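Take a look at the structure set out below.
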Amino acid sequence: MTKKIATREAYGAALVELGQKNPAVVVLDADLSKSTKTYDFSQKFSNRFFNIGIAEQNMMGTAAGLAAAGKIAFTSTFAVFATGRVYDQIRNSIAYPRLNVKIGATHAGLTVGEDGASHQSVEDIALMRCLPNMTVLVPADSVEARAAVLAAADIDGPVYIRLGRSEVPVLHDEANFNFVPGKAITLREGKDAAIIACGIMVSAALEAAEQLANQGVSVQVLDMHTIKPLDVEAVVEAARATGAVVTAEEHSIYGGLGGAVAEALVENYPVPMRRVGVRDTFGESGKPQELLEKYGLTASDLVRVVYEVLKRKGK
Amino acid sequence: MSKKTEKLAKLRDQARQIRRYIVSMVGEAGSGHPGGSLSATDIVTALYFDVMRIDPQNPGWPDRDRFVLSKGHAAPVLYAALAERGFFPVEKLRTLRQLGSPLQGHPDMRKVPGVEMSTGSLGQGLSAANGMALAGKLDDRDYRVFVLLGDGEIEEGQVWEAAMAAAHYKLDNVTAFLDHNGLQIDGPTDVVMSAEPLADKWRAFGWEVQEIDGHDMEQILSALARARETRGKPSIIIARTVKGKGVSFMENEVNWHGTAPKPEQVEKALAEL
Ligand SMILES: Cc1ncc(C[n+]2csc(CCOP(=O)(O)OP(=O)(O)O)c2C)c(N)n1
Ligand SMILES: [Mg+2]
């Protein structure tokens, strides 16, 4: 059994690691530090932790001011409140002035689970992706989440880091892991089709590729941890090598990874493509696994969609 | 003349000069916000020409005092003060709002030396000022952070989130001005959305409150001196002002919020100033 760790856990641990390394790092939260996992940082570096209360707009604006005065400011709350609730604050006080604010958005996607649609952000990638100056990172596991947090601190400018509530399998090997923002990671080579995935869908993609391999279909799997700037070269290369592309994300099919990959392919190397994601609907209450099944975000959904795209490729 | 009288006279003269620039540059641009720039002129002049510790040769100096123009539409008053103070040549003022000019319609901190925060979307400046003030305390720097709010702007909820936080974190290095000119875009603030009683509200949020005439240089300076002495809480100076102050036909006229004067109106205004 592979080990399972939530990416938000890795986020909290990485913040502590950063806090030890870099005195310029400060962390802000909006009354969710136990859930976002900024709590450990708040205990170890109490003078550099600011609980702003349930006032997300003020949290973003305060982080902008801290960054303007030389700090690397990590803000944390649930993805739904970290984006839509404060969109104008991020746009005008952070992205436009290109300030060094990092948004650690936890509880993204349907796997929030029982809290339901009000708390399930399936549009946050789209919202962040169209902001100039914003980097958008969607780590697939705890190893990648840690690397993404450390990399975010080194980027001079705003970074959105999308994190999950639920435990996910550890895919990457901590000891030999090389994370470069904007550079996709090929997890599996293949020649018939490519699955380009991010976040929790990377492990589903690997599972699907394994099943397909047993059925004689060879599938490449790309971990597209950076949605922006997108690794267009890797996308085009995958299309060229396989001639059929499927994207997979725990997010709306509009404006997220699927949208970004579609844009890149249409302009550079059109091939048959399908997007797996939330199909223009809000979520609902349920167990994470139940929701993934109901909304078509499992390995077997990916297998089905790969066959669909292969059929089109054959024509 | 005593030294103090001399200083006040100089500041008043400086304010008059800044008002002239505001009228000319908005006139030249053909668009912009003269009313709220003119109401804030005496406050901004006091800050930039007497109170703030700044070095135009070194706009990134870590120990500098900061000024956040939360009501970003009053950019002309900030630009005129910065230019007169030597952050950039005054000739630049003529490029306001033109393609390629650093002087954007609303302040852009990445384009203009001396602009501390990009603003324009109302209600966000106090949060940024708080962040700068927190950083100052963290780094043991004794710089002060000033912020100018509009009396319509404070209808934004974020302002009160930030007001709460400034008191909670005991940000006595923050001094806010409320440019209380009684007007916003759609009419008088009492008619559109009253935030009264203003002083009581800020006091209830934990702030040290002073109420002054925002065109009386002596009152502005003494209120700032008192704010500097206040410990353990942030200060707000509620400055009663006149929108369009100094230009008779603009004073208290809601239509001069965001209308540029025509060339003959510029001339008439300059003759008065
Ligand atoms: C968030 C936001 N909403 C609306 C506007 C449009 N707007 C610009 S100025 C203004 C009125 C501001 O009134 P006040 O704060 O009293 O400014 P002043 O009278 O000092 O010019 C409005 C509604 C804006 N810039 N930002
Ligand atoms: Mg007003």
Side-chain angles (χ1 to χ4, degrees), chain A residues 19 22-31 41-42 45-75 77 81 85-102 131-133 156-158, chain B residues 59-68 70 72 104 106-112 115-141 143-145 147 156-171 173-174 205:
Chain A
N22 190 342
V25 168
V26 298
V27 175
L28 299 86
D29 207 299
D31 198 34
F41 186 98
S42 79
F45 310 100
S46 57
N47 63 328
R48 284 193 268 150
F49 175 83
F50 304 105
N51 202 328
I52 301 296
I54 314 162
E56 295 80 9
Q57 302 173 56
N58 186 41
M59 174 170 74
M60 292 303 173
T62 305
L66 281 156
K71 302 298 174 192
I72 303 172
F74 280 81
T75 62
T77 180
F81 311 129
R85 176 103 194 183
V86 293
Y87 196 66
D88 186 53
Q89 283 72 21
I90 296 176
R91 182 189 188 279
N92 279 310
S93 285
I94 295 172
Y96 173 43
R98 210 174 60 249
L99 286 168
N100 219 353
V101 175
K102 320 299 168 186
L131 285 174
N133 296 333
D156 183 22
Chain B
W61 180 29
D63 286 316
R64 72 194 183 279
D65 287 345
R66 274 100 168 143
F67 173 71
V68 176
S70 191
Q104 298 291 298
H106 295 79
D108 182 337
M109 65 182 284
R110 295 295 184 186
K111 290 202 162 91
V112 186
V115 170
E116 296 289 353
M117 188 64 206
S118 301
T119 51
S121 179
L122 293 171
Q124 304 190 25
L126 183 54
S127 299
N130 287 350
M132 295 172 192
L134 284 168
K137 295 220 177 237
L138 211 48
D139 294 345
D140 249 328
R141 295 185 191 276
Y143 64 74
R144 307 188 58 77
V145 187
V147 56
E156 286 285 358
Q158 186 184 348
V159 172
W160 299 99
E161 295 180 3
M164 208 183 316
H168 178 83
Y169 283 107
K170 303 185 169 47
L171 298 181
N173 47 352
V174 167
F205 271 74

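Just so you know, these numbers use all the heavy atoms, side chains as well, and skip hydrogens, waters and symmetry mates. Since the model is a prediction, treat every value here as computed from it, not as a measurement. Reminder, nothing fancy here: chain letters follow the sequence lines and each chain counts from 1.
Chosen from A/Asp88, A/Leu28, A/Asn47, the residue pairing most often with chain B at heavy-atom distances under 4.5 Å is A/Asp88. Comparing B/Asp139, B/Leu126, B/Val68 by heavy-atom pairs within less than 4.5 Å of chain A, the highest count is held by B/Asp139.
Atom CZ of B/Arg64 sits in a crowded spot, with more than 12 heavy atoms from other residues, nucleotides or ligands closer than 6.0 Å. Within 6.0 Å of the NZ atom in B/Lys137, the count of heavy atoms belonging to other residues, nucleotides or ligands exceeds 12.
When every heavy atom of B/Glu161 is checked against every heavy atom of A/Glu56, the shortest pair comes out as OE1-N, 4.2 Å. Minimum interatomic distance between A/Leu66 and B/Ala135 (heavy atoms only, all atoms of both residues): CD2-N, 3.7 Å. Scanning both residues, B/Gln158 and A/Gln89, for their nearest heavy atoms gives OE1-NE2, 2.7 Å. Residue B/Met109 comes nearest to A/Ala68 through the heavy atom pair CE-CB, 4.4 Å, listed as atom of the first residue, atom of the second, then distance.
In this structure, the separation between CZ on B/Arg110 and CG on A/Leu99 is 5.5 Å, given to the nearest 0.5 Å. Considering NE2 of B/His168 and CG of A/Asn51, their distance stands at 7.5 Å, rounded to 0.5 Å. Rounded to the nearest 0.5 Å, atoms CD1 (A/Ile52) and CG (B/Leu134) are 6.5 Å apart. Of the inter-residue distances, the one linking B/Gln124 atom CD with A/Arg91 atom CZ reads 10.5 Å to the nearest 0.5 angstrom. Distance NE2/B/His106 to OH/A/Tyr96: 10.0 Å, rounded to 0.5 Å.
Counting heavy atoms from C-beta on, the side chains of B/Ser127 and A/Met60 never come closer than 4.5 Å.
Heavy atoms closer than 4.5 Å to chain A are found nowhere in B/Ala129, neither backbone nor side chain. Contact of B/Leu138 with chain A is made through the side chain alone, with heavy-atom distances under 4.5 Å.
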